[in-house]
There are 2 protein chains.
Amino acid sequence: MSDPAVSRTLPFPPSGADGEGAASCSTDHPASRVIREILARVGDKWSLLVIGLLHDGPLRFTEIQRRVDGISHRMLTQTLRSLQRDGLVSRTSYAEIPPRVEYAVTPLGRSLSEPAIALAAWAAEHHRAILDARAEFDGDDA
Amino acid sequence: MSDPAVSRTLPFPPSGADGEGAASCSTDHPASRVIREILARVGDKWSLLVIGLLHDGPLRFTEIQRRVDGISHRMLTQTLRSLQRDGLVSRTSYAEIPPRVEYAVTPLGRSLSEPAIALAAWAAEHHRAILDARAEFDGDDA
DNA sequence: CTGTATCCTTTGGGATACTG
DNA sequence: CAGTATCCCAAAGGATACAG
């Protein structure tokens, strides 16, 4: 893990001290935009799931659908298009009958796995604590 | 391999060396549920934003609303309730007139900032690559 | 098998008015 | 100031049918 200049700062400077400089940001909330963009990209219901699944190796359309439990035909197509568009997965179609298409994560997509896994690890670690807090909040009127 | 010789466009090992162990999907999909739960929790439009904002220190309701650009009164209440319920932020109300309520991140909420920041760092780092990939995908029919 | 288009239900979320 | 409730619209997403 390489953490060059991204020290343990907060995602939100109190009054807009910009350190990212990702694009043309002349507005007031630079880090907000960053977080918003991640969420817009991988915050949907299936993207991270597909990325994680393909981490093991290339898979065909139907195989992905079989493995990602609950995803609809429509959403899988849509998710894969979106990921492909952003350069996170690659699509390779073979001119055969019946048609065969394989999807694989790109290096960029693979690099996303690292923070994603970190987040998943956090969830796994604190899952119980959240459930406890929730239970206490819900039925605390005792 | 009973596979016809078709040139693969991508140099990808079928099984990457996974060192994390937290989100590997090879055997079952235990990570799917975990990822789904995180996304359901912090994948919404405002939760991470509020968590990040409160990282600096406790803030009052109106102050949060002022700082999180674009959030509506309704969504702020709802977001704070949700975060409080999950034990990520704490709510302290002072019996004064006019009423004063302060919100602060709990240790649990603070621990979430770390992977969240990692994800934000990833986004900042690869933002340009994504934009490039997208531009190429969109207007590639030249 | 893979992909697109249509339909329809559910949910997220903004605006606003009202209460303590 | 902080919170709740109502209304309403737009986006997400599932089901299905159809095409290559």
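Note that the coordinates shown come from a computational prediction; the quantities given were computed from them, not determined experimentally. Just so it is clear: chains get the letters A, B, ... in the order the sequence lines come, proteins before strands, and each one is counted from 1.
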Student: Figure out the CG/P separation between B:Leu39 and C:dG12, and round it to whole Å.
Tutor: 13 Å
Student: Tell me the interatomic distance from A:Leu80, atom CG, to D:dG13, atom P, rounded to whole angstroms.
Tutor: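 Whole-Å distance recorded here is 14 Å.
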Student: Any donor and acceptor pair, going by atom type alone, linking the side chain of A:Ser111 with main-chain N or O of A:Leu108 inside 3.5 Å?
Tutor: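 Yes; judged by distance alone, with no hydrogens or angles, the pair exists.
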Student: To the nearest angstrom, how far is B:Arg100 atom CZ from D:dG3 atom P?
Tutor: 13 Å
Student: With respect to B:Leu119, which candidate in A:Leu112, A:Leu39, A:Ile35 satisfies the side-chain contact (heavy atoms from CB on, under 4.5 Å) definition?
Tutor: A:Leu112
Student: So, OP1 or OP2 of C:dG3: does either fall under 4.0 Å of a side-chain N or O from A:Arg91?
Tutor: yes
Student: Would you indicate what A:Tyr103 reaches in the nucleic acid, counting non-hydrogen atoms under 4.0 angstrom: base, sugar-phosphate, or nothing?
Tutor: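 Sugar-phosphate only.
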Student: Using heavy-atom distances to pick each residue's nearest nucleotide on DNA chain D, tell me which of B:Pro98 and A:Ser72 is more 5'.
Tutor: B:Pro98
Student: Looking at A:Arg81, does any N or O in its side chain come under 4.0 Å of the phosphate oxygens OP1/OP2 on C:dG3?
Tutor: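 Affirmative; the distance criterion is met.
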Student: Any N or O donor-acceptor pair linking the side chain of A:His73 to the base of C:dG3 at under 3.5 Å?
Tutor: yes
Student: Can you tell me how far P of C:dG12 sits from CH2 of B:Trp46, to the nearest Å?
Tutor: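 Spelled out: CH2 on B:Trp46 to P on C:dG12 is 15 Å.
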Student: Expressed in angstrom and rounded to an integer, what is the separation of B:Ile97 atom CD1 from C:dT19 atom P?
Tutor: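 One finds 18 Å between P of C:dT19 and CD1 of B:Ile97, rounded.
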Student: What is the distance from CD of A:Glu102 to C1' of C:dC1, rounded to the nearest Å?
Tutor: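 The distance from CD of A:Glu102 to C1' of C:dC1 comes to 13 Å, rounded to the nearest Å.
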Student: Report yes or no: do A:Gln78 and A:Arg81 form a side-chain donor-acceptor pair below 3.5 Å?
Tutor: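 Distance-only check fails for A:Gln78 and A:Arg81.
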Student: Rounded to the Å, how far apart are B:Met75 CE and C:dG13 C1'?
Tutor: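 To the nearest whole Å, that distance equals 5 Å.
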Student: Would you kindly say whether A:Gln65 and A:His73 are connected by a side-chain donor-acceptor distance under 3.5 Å?
Tutor: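 No.
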Student: In terms of side-chain heavy atoms of A:Arg74, which of D:dA5, D:dG3, D:dG13 is nearest?
Tutor: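 Of D:dA5, D:dG3, D:dG13, D:dG13 is nearest to the side chain of A:Arg74.
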Student: Can A:Glu63 and A:Arg60 be counted as an ion pair, charged N to O under 4.0 angstrom?
Tutor: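 Between A:Arg60 and A:Glu63 there is no salt bridge, as every charged N stays at least 4.0 Å from the carboxylate O atoms.
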Student: Taking for each residue the nucleotide of DNA chain C bearing the nearest heavy atom, is the 5' side occupied by A:Val101 or by B:Gln78?
Tutor: A:Val101
Student: Relative to the 5' end of DNA chain D, which residue comes earlier, A:Gly70 or B:Thr77, by the nucleotide with the nearest heavy atom?
Tutor: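 Residue closer to the 5' terminus by nearest nucleotide: B:Thr77.
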Student: What is the distance, rounded to the nearest whole Å, between atom CG of B:Leu76 and atom P of D:dC1?
Tutor: 14 Å
Student: Does A:Lys45 make a side-chain N or O approach to OP1 or OP2 of D:dG14 shorter than 4.0 Å?
Tutor: yes
